[in-house]
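A short worksheet on the structure shown next.
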Amino acid sequence: MKAEDLRAKTDDELTDQFKDLKKEAFNLRFQRASGQLENTARVRQVRRDIARIKTTLIERRRAAS
């Protein structure tokens, strides 16, 4: 996921995607703890995508005020 793609989305779409990624991160943590995690790189990817979304939302809030 690129920052350019995120900037093209609305706040509602970003919020929905943020919630989905948080759920995925939660599930990945459980899979890692139980030894069932196959794609370990996905944990890092999800964490970074969450950070990108949060950054984009914060940028928009600062620009609005």
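What you are looking at is a predicted structure, and each value in this text was computed from that prediction instead of being measured. Residues: numbered from 1 along the sequence shown.
- Within the structure, side-chain hydrogen bond (donor to acceptor under 3.5 Å, both in side chains) pairs that include any residue of residues 46-58 comprise D49-R52 (at least two apart or interchain).
- D11 is linked by a salt bridge (charged side-chain N to carboxylate O under 4.0 Å, His left out) to R60, counting only residues two or more places apart in sequence or in another chain.
- Legend: ring pair (Phe, Tyr, Trp, His ring centres under 6.0 Å) pairs involving residues 46-65, not counting sequence neighbours: none detected.
- Applying the ring pair (Phe, Tyr, Trp, His ring centres under 6.0 Å) test to residues at least two apart or on different chains, none of the pairs has a partner in residues 42-65.
- The side chain to side chain contact (heavy atoms under 4.5 Å, CB included) search around T10 returns D12, E13, not counting sequence neighbours.
- The side chain to side chain contact (heavy atoms under 4.5 Å, CB included) search around N39 returns A41, R42, not counting sequence neighbours.
- The list of ring pair (Phe, Tyr, Trp, His ring centres under 6.0 Å) pairs with a residue in residues 38-65, not counting sequence neighbours, is empty.
- The ring pair (Phe, Tyr, Trp, His ring centres under 6.0 Å) contacts involving residues 28-65 comprise F26-F30, where partners must be two or more places apart or lie in separate chains.
- Every residue meeting the side chain to side chain donor-acceptor pair (under 3.5 Å) condition with Q17, not counting sequence neighbours, appears here in chain and number order: K9.
- Counting Ile, Leu, Val, Met, Phe, Trp and Tyr side chains that sit under 4.5 Å apart, directly or through other members, L57 shares a hydrophobic cluster with M1, L6, L14, F18, L21, L28, L37, V43, V46, I50, I53.
- Evaluation of the salt bridge (charged side-chain N to carboxylate O under 4.0 Å, His left out) rule for R29 yields no partner, not counting sequence neighbours.
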